[in-house]
Structures are given as C-alpha cells and as structure tokens.
4 protein chains.
Amino acid sequence: MLDNSTDFKEQMVEARRTQILMGAAQVFADKGFHKATTKEIARKAGVSEGTIYNYFSNKRELLLAMVQMIATQTLRGSFFNNPPDDPKEFLLLLVRDRYRLVDQYGHIFAPLLAEVFSDDELREAVYQSIVMPIAQVVEQYIQKYIELGKFRQVNPVIVTRALIGSMALNTAMKLALVDNRYETISSDDMTEQIVELILDGVLK
Amino acid sequence: MLDNSTDFKEQMVEARRTQILMGAAQVFADKGFHKATTKEIARKAGVSEGTIYNYFSNKRELLLAMVQMIATQTLRGSFFNNPPDDPKEFLLLLVRDRYRLVDQYGHIFAPLLAEVFSDDELREAVYQSIVMPIAQVVEQYIQKYIELGKFRQVNPVIVTRALIGSMALNTAMKLALVDNRYETISSDDMTEQIVELILDGVLK
Amino acid sequence: MLDNSTDFKEQMVEARRTQILMGAAQVFADKGFHKATTKEIARKAGVSEGTIYNYFSNKRELLLAMVQMIATQTLRGSFFNNPPDDPKEFLLLLVRDRYRLVDQYGHIFAPLLAEVFSDDELREAVYQSIVMPIAQVVEQYIQKYIELGKFRQVNPVIVTRALIGSMALNTAMKLALVDNRYETISSDDMTEQIVELILDGVLK
Amino acid sequence: MLDNSTDFKEQMVEARRTQILMGAAQVFADKGFHKATTKEIARKAGVSEGTIYNYFSNKRELLLAMVQMIATQTLRGSFFNNPPDDPKEFLLLLVRDRYRLVDQYGHIFAPLLAEVFSDDELREAVYQSIVMPIAQVVEQYIQKYIELGKFRQVNPVIVTRALIGSMALNTAMKLALVDNRYETISSDDMTEQIVELILDGVLK
DNA sequence: TATGAATGAGATTTCATTCAT
DNA sequence: TATGAATGAAATCTCATTCAT
C-alpha cells in the first residue's frame, strides 16, 4: 500500500474518532457519564452504535480518549522557552491561556472531573496528562523566583495548587450558574484579581 | 399517642436513617455512587434492601440526605457571635474547623462531589447547604475589614472562593495520593501556608 | 432461625432451581443452547429473566446444572452390591436402566451433547459425572469375567465404549427420526440385540 | 465465452471456496461454530469478510458446504465393485479407510456434529451424505452374509450403527483426551478389536 | 415495620451481513 | 471481484424498586 493511501486512511480514522468523541462529549455534558447511553452518543455523533466500538473498545475508553485530546492542547513552546520575566505578566498569560482551554473544552471537563472521583486510572491520567504539565511550569517558575529572592519562602507545590484551585472554583461558580453574583464578574477581571491575590501573597 | 412515645419513635426513625446513611456512605466511598448497589448498601448497613426504601424514596435520596447531614455540622454559634479580631486567627480557626469536617466526612465528599457535576438539584443543595453558609461568614468578614481599611479593595466573593478552592485542591491532592510530595506536608502546615498566602494577598 | 425454617427455604430454592432448569431444558431442546434466549427460558419457566440470575450466575451454568441433575440419577445401590451373575442379565438390566434415563431426560441430553464438542469444562463434567460412573461398573464387570476365564482377552475400556457407543448411535437414530426403518424397531428389541451382539463378541 | 475460459473461472471459484472453507474449518475447530466470528474466518482464510459472502450466502452455509466436501471423499469404486470375501478383511479395510477420513477431517467433524443436534437440515445432510452411503455398503454386505448363512439372523441396520457407534465413541475418547488410558491404545489395535468384537457377535 | 425474592426495563456490547468504493 | 467500514438487531446480564409475607 502506498504511503499516501496509508496517510489517507489514518486521517479518516482520526476524523471518525474525533467525530465520535465530540458526540460523546455533548451527551456526557448533558447527562453525565453514567446516564449517557451509547445509543444517544451514536445519534449525536451521527454514526451507528456499532461504529463506536470500531474505534473505541468500550464506553469508558471515550473518557480516556478525551483526556488525551485535551492533553495535546499544550502550551506553546515559545512560552516554555522564554517565559516573561515579570511574574504578573507570566501568570496572567498562563492562566488566560488555560482559561481559554476550559472555555473551549468546558463541556468535556465536567463529566471528566466527575468520574475522576471514582475511577483511579482516569484520575491518574488526568493528573499526569493535564494537571502535572502545567503545574510543573508554575512550580519551577516560583522556585526560581524564590531562589532569586523575589518571592517569600513558600512551598511552590502548595501555592501552585492554590492558584489552580482558586481559578477552578471561581470558574466553576461562573459556569454552574449557582451564584448569580458571578454574572457581573467578567472573566478578565476574575482572572486578574486571582493572579494578583496569589502574587501579593508570595511577593516579598 | 403520647408525646414521649412519638419522640421515641422519631428517634428510632432517625437512628435507622443514620444507620442506612452510614452504610451508603461507605459503599459510595468505595465504589462511587453509580457502581454502588443497593444490595451492598443494605449489607453494609445491616438491613435488608427493602428497608432502605422505608426510609428513603430512592437511591439518589441517600445523596441528598448526606448533604443535609453534613450541613447540620455547622460552625458553633459562638464563632458567629464573636469572631476573633485578628484576621489570621479568624481564618485559621475557620479553616481548621472545616478541615476537621472534611477529615471526618471525607469519604462522603468524594461521591457527593462527583455527582454534583451532573445533578442540578444536588449541586444546588450542596451549594446552599454546605458552601454558602461558610462562604457567607468569610465574605462578610472580608467586607467588614475592607470597610475598616485593613484589607485592599478586593472582591470578597472571588477571594472567598479562592480560599476555599485553594484548600479544596490541596486537600484533594493530599487525599488522592496522586502526588507523593504531599506525604511530607502536614495538614497544619498546609492550612497555615494557604491562609497566609491568601491573607498576604488581601492585606494592605 | 429455626431448622425447619431453613429447611423450608432450602426446599424453595431447590424447587425454583428445578423449575428454571426445566424451562431451560425445553428451550435448549427446541432451539439448541445458543439460539435459546434467556427471555424465552424465563417465559417457559414461568419466571422473569432476572429471576434466572438469582439462581444461576449465567446461561452456561444452566447446562452445568443439568449435568449435575442427571448425575444424581444414579444406579440403585443394590445393583452395585449384587450384580447379577449372568452376564446377559447384568447387561440388560444396566442398559435398560440407562435407556430409561435417556427416555426421561432425552430432551436434556441433546443440547448437552452438542455443547460438549466445544466446551472443555462441560465435556469434563459430562464425562466424570455421567459417563465414568456407569462405564466403570461395566469395565470392572468385564475385567472380572476375563479373569474368571469366561470372557476373551478383550480390552474392557474399548468394549465398554463400544457398548455405550452402539446404544448411543442406535438410540440417536431412533430419536432423530432420520431413518424411518427405526420406526418398526422396538426399544426392547434394539436393546437386546445390541447386548447380545457385544456379549457374543466377548464370550469365549 | 469459450469453454476453457469458463472452466478456468470455475476452477478459480472452486479454489476460493475451498480456501474459505479451510479457514472456517480451523476456526470452527478452535472455537466451535457459534463462537467463531466471520472476521476471524476471513483472517484465517486470507480474504476479507465481504468475500466470504461472495461465495457463501451465510455463515451456516459454510457448515453445509463442509458436509458436501467430506461427502465427496467416497470409497473407491473398486471397493464397491469387488468387496473382499473375507468379512474381517472387508470390515477392516472399510473401517480403516473411514478412520483415515476422520483423521484428515477430524477438526471439521466436531463442530459439525455439535450443530447436528440442533439443526434439522444439517442433520439430514450429514445423514444422507456421510452416514448413509457407508452404512448402506455395510448393511448390504451383512444382509448378503446372513442370506448365505454365514451370519446370524441379526438386524443389519442395528448392527451397522453398532459398528459405527463403537468406532465413533472410541475415536471420540481418543481425540477428546478425557481418559488418559486411551493414550496407550494405538488406532490400529483399537480398530481391530472393535471389528473383531462386532464380527464375533454376528458370526454363527 | 422488616424482609428479600421477584421483577423487567434498560444498558452495553457483539457480530453477521451489507454495500459503497 | 475484493474490500472492510458501517450497520443495527439482538442477546446477556444488572440492579433499583416493589410487594407479598
């Protein structure tokens, strides 16, 4: 078989996988993982139920595949190579970039996080593929600034999770529509306030 | 029927409900809500499956009842009436008290939070009964100190969720055993570092 | 719990198992094991599909249970203790007793034998529980008569299977209605002819 | 279209059918008819799933086609025309020839026989195409020798099935590896003992 | 009120067969 | 004619819930 024929096939397979994943993401978002039926996923994805199983070995694999899909949306290399010197600029760039990811894949995150509580393997995958990569960047940055004497002697691990947790809960509140005071808070304002809060907490 | 007879009966009913809830909590913690079977809950609770339905109308009600059970573990009135003047003392007392709650009911929180992502009513209940009461105390305290000129002009809503989110994610990391660096961090250290971080972020 | 209550419960369980097995036997006989659906088994047995699984862990267990049921229909102890001295009398008694079993459980044997070809565990069970016990009796009898000098020096293992195989294929022909010449052959005639055939083959 | 072109085409078709049947035979032997998937048959046969359906109308047809394939392996004409006069020679020649068939097609027989119990049409086909032709030869031979006064007044139908059943069960025992005493019995010994057994049973 | 056997709706998954390329 | 992706019917099995005792 010729190379471009193989390529073509691979592309078709990838396109089909994505098509199915998107359907699954919608249904998972609506119903949650357990109440989502393969029948409805198939309908939303525009394929038959059987076709799902030509591309994923079972329903749960759909969740794991979503983790991988999100994980590939990494930070641009430029960011890693030349992180801005100004801490505020650094954190704002980073946080806004990740916030955009949540905005884009928001409907995927919720069912994913829900299952993380009861699925050990999924939890590990989410942590290793999604949380760790970004957390490491922040930790190392903080560590460097502590050594430079610009930050207080804080624990970078804790502070990093504090930043992520602060963003996560506030974002969740915004998306969950459970507290209407969030309607008047813009994402940019929220992001900036949180970055400043944490930053002032670590600055000497 | 005499009053004390009614009381006795009510107590029996309450005791049975608790007995069942405790069984359910254990199984939910082990398996998650969906993979927990009523058969196993009954066994763990030491009752028959049928009996569960004499006290709860369905499996999901067990989750809602757990929210109420946790919600009753409110802060002591004394805390509300005479909150410590020193912000650090205030926040530490508060956070440690809540942390104790998580320690005690930790196995209930995970399955509860998992379902919060896909169950609107449960989400509302958790927010109103568990998050809001404590959040309000913090918000009002922050508001007061802003007005007193001791805190910067921050948004109390955001800062409060930042504090809660910081504690939540760090605690989750500790409990999830997914990052072994948390093994060397004591709860007290963690709590104090987070409180200081947020506090330094809001102090003028 | 009192003994007779336990007994009663055990009897109920046994009765239910038998009820389900009988339903399964009918459907297996009609359709064969694989084309038999649990839905139809349930209907024939007069229970719901779910009930089947309260008594058998899966569809295949129904087959194994049938083997056990047939296996319990052993030869009377008197037969073992005082086998008739006359070889012809001995073999006729034995063969007719077993033939009666086939007559009674005939509809169970067919699907059982069909699966024996592709299910190792079932094959082992059928051999150990059904074939071996009866085969051993015959083998030992033949062996004894060889030693007494009344039978030729034949291999008791082969001769025993020859007898069983002769009976089996002729019986199958009768039951399968595939050769109408069998319509005019009575079971008793057939049995006697086969016993005589084998016996004359071994007698000195 | 020219004759030899048609012939060539027919040969190609026949070759393809055989290729597919051989693949199917292997998988049927491994898994049994029902657990064999068309996907695996296609793989073993070295064709695609679709191609199977260009040569056979459905999976079951594969079984029927196997019956025909075995049926064509008939006894040599010479055997029919000049059967040996000596009964023992006659039976040994016949039985050994058929035993060779089982040896060669053994892996096909098991799944075939399994289905025979629940598939009326297949049963009829096996009986008419495989059992009957050989059985008739034996029956007529026996009949002739009875008339010649060399055999007792036995029923040729029963005796013939007794011979076939004796061979079948003993052979099955050997192949099924379920009774290790068969490991020390050679096929030739077994064949001869059975022929002698039956023959002594019918000889005057 | 407590029990637990019975229920049956419903979900996942398999796989023979079809059909566009 | 060959391919193999797509199909969707159908089957097994689970389990929350009911109800007779």
Side-chain angles (χ1 to χ4, degrees), chain A residues 1 8-9 12-13 16 19-20 34-43 45-62, chain B residues 9 12-13 16 20 33-43 45-62, chain C residues 1 8-9 12-13 16 19-20 34-43 45-62, chain D residues 9 12-13 16 20 33-43 45-62:
Chain A
M1 199 181 277
F8 176 72
K9 199 172 136 191
M12 287 301 291
V13 166
R16 224 1 107 79
Q19 176 189 4
I20 293 168
H34 291 278
K35 285 184 220 139
T37 66
T38 50
K39 189 184 285 287
E40 192 172 356
I41 292 171
R43 225 188 46 227
V47 298
S48 70
E49 274 189 276
T51 298
I52 295 174
Y53 290 86
N54 288 338
Y55 294 86
F56 301 92
S57 56
N58 54 50
K59 190 180 159 190
R60 188 170 155 278
E61 282 287 310
L62 290 167
Chain B
K9 203 169 136 192
M12 288 299 292
V13 166
R16 237 337 129 80
I20 292 168
F33 178 69
H34 291 278
K35 286 184 211 140
T37 64
T38 49
K39 188 187 281 286
E40 192 172 356
I41 292 171
R43 222 187 47 226
V47 298
S48 71
E49 275 188 276
T51 299
I52 295 174
Y53 289 85
N54 288 334
Y55 294 87
F56 301 93
S57 57
N58 54 47
K59 191 181 163 190
R60 188 170 154 278
E61 283 288 310
L62 290 167
Chain C
M1 201 181 276
F8 176 72
K9 199 172 135 191
M12 289 299 292
V13 166
R16 224 1 107 79
Q19 176 189 4
I20 293 168
H34 292 278
K35 284 184 220 140
T37 65
T38 50
K39 190 183 284 290
E40 192 173 355
I41 291 171
R43 226 189 45 227
V47 299
S48 71
E49 272 189 275
T51 298
I52 295 174
Y53 290 87
N54 288 338
Y55 293 85
F56 301 92
S57 56
N58 54 49
K59 189 181 160 189
R60 189 170 155 279
E61 283 288 310
L62 290 167
Chain D
K9 203 168 137 194
M12 288 300 292
V13 166
R16 236 338 128 78
I20 292 168
F33 178 70
H34 291 277
K35 286 185 211 139
T37 65
T38 49
K39 188 187 280 286
E40 192 172 356
I41 292 170
R43 223 187 47 226
V47 299
S48 72
E49 275 188 276
T51 298
I52 295 175
Y53 289 85
N54 287 335
Y55 294 87
F56 300 93
S57 59
N58 55 47
K59 189 181 163 190
R60 189 170 153 280
E61 282 289 311
L62 291 167

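Quick note on labels: first sequence line is chain A, next is B, and so on, each numbered from 1. These values consider heavy atoms only, across backbone and side chains, with no hydrogens, waters or symmetry-generated copies. Remember, it's a predicted structure, so these values are computed and weren't measured experimentally.
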* To do: Show your working on side-chain contact (heavy atoms from CB on, under 4.5 Å) between D:Lys9 and D:Met12 and close with a plain yes or no.
  => CA-CA 5 Å; D:Lys9 203 168 137 194; D:Met12 288 300 292; 5.6 Å; no
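The distance from atom CE of C:Met12 to atom P of F:dA20 is 15 Å, rounded to the nearest whole Å. Atom CZ of A:Phe56 is separated from atom P of F:dA6 by 12 Å (rounded to the nearest Å). Note: CD1 (D:Ile41) to P (E:dT17) measures 10 Å, nearest angstrom. We find that CZ of C:Phe8 is positioned 14 Å from P of E:dG4, with the value rounded to whole Å. Separating the CZ atom of A:Arg16 from the P atom of F:dG4 is a distance of 16 Å, rounded to the nearest angstrom.
Side-chain contact between B:Arg16 and B:Asn54 is absent, with no heavy-atom pair separated by less than 4.5 Å.
In terms of phosphate contacts, D:Arg43 brings no side-chain nitrogen or oxygen within less than 4.0 Å of OP1 or OP2 of F:dG4.
A search for side-chain hydrogen bond (donor to acceptor under 3.5 Å, both in side chains) contacts involving C:Thr37 returns nothing, not counting sequence neighbours. Taking A:Arg60 as the reference, A:Asp119, A:Glu121 meet the salt bridge (Lys or Arg N to Asp or Glu O under 4.0 Å) condition, with sequence neighbours excluded. In this structure D:Phe56 satisfies the side-chain contact (heavy atoms from CB on, under 4.5 Å) test together with D:Arg17, D:Ile20, D:Leu21, D:Glu61, D:Leu62, D:Ala65, sequence neighbours excluded. Evaluation of the side-chain contact (heavy atoms from CB on, under 4.5 Å) rule for A:Arg43 yields A:Glu40 as partners, not counting sequence neighbours.
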Give every pair of a protein N or O atom and an N or O atom of nucleotides 11-14 of chain E that lie under 3.5 Å apart, one pair per line with the distance.
residue	atom	partner	partner atom	Å
E:dT12	OP1	A:Ala36	O	3.4
E:dT12	OP1	A:Lys59	NZ	2.8
E:dT12	OP2	A:Thr38	N	2.9
E:dT12	OP2	A:Thr38	OG1	3.1
E:dT13	OP2	A:Tyr53	OH	2.8
E:dT13	OP2	A:Lys59	N	3.1

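Nearest approach of D:His34 to D:Lys59, heavy atoms of both residues: O-NZ, 3.6 Å. The two residues A:Ala42 and A:Ser48 make their nearest non-hydrogen contact at CB-C, 3.7 Å.
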* Dot-bracket summary - DNA chain F, pairs being Watson-Crick or G-U whose distances fall under 3.5 Å, with | when paired to another strand -> .||||||||||||||||||||
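In this structure, of F:dT7, F:dA2, E:dA2, it is E:dA2 that holds the atom nearest to the side chain of B:Ser48.
Looking at which nucleotide of DNA chain F each of A:Ile52 and C:Asn54 is closest to, the 5′-most match is held by A:Ile52. Projected onto DNA chain F by closest heavy-atom contact, A:Gly46 and C:Thr51 fall at different nucleotides, the more 5' of which corresponds to A:Gly46.
Note on residues 47-57 of chain C: pairs passing salt bridge (charged side-chain N to carboxylate O under 4.0 Å, His left out), not counting sequence neighbours, are C:Lys39-C:Glu49.
A:Tyr55 comes within contact range of the sugar-phosphate backbone alone, with a heavy-atom separation under 4.0 Å but no base atom that close.
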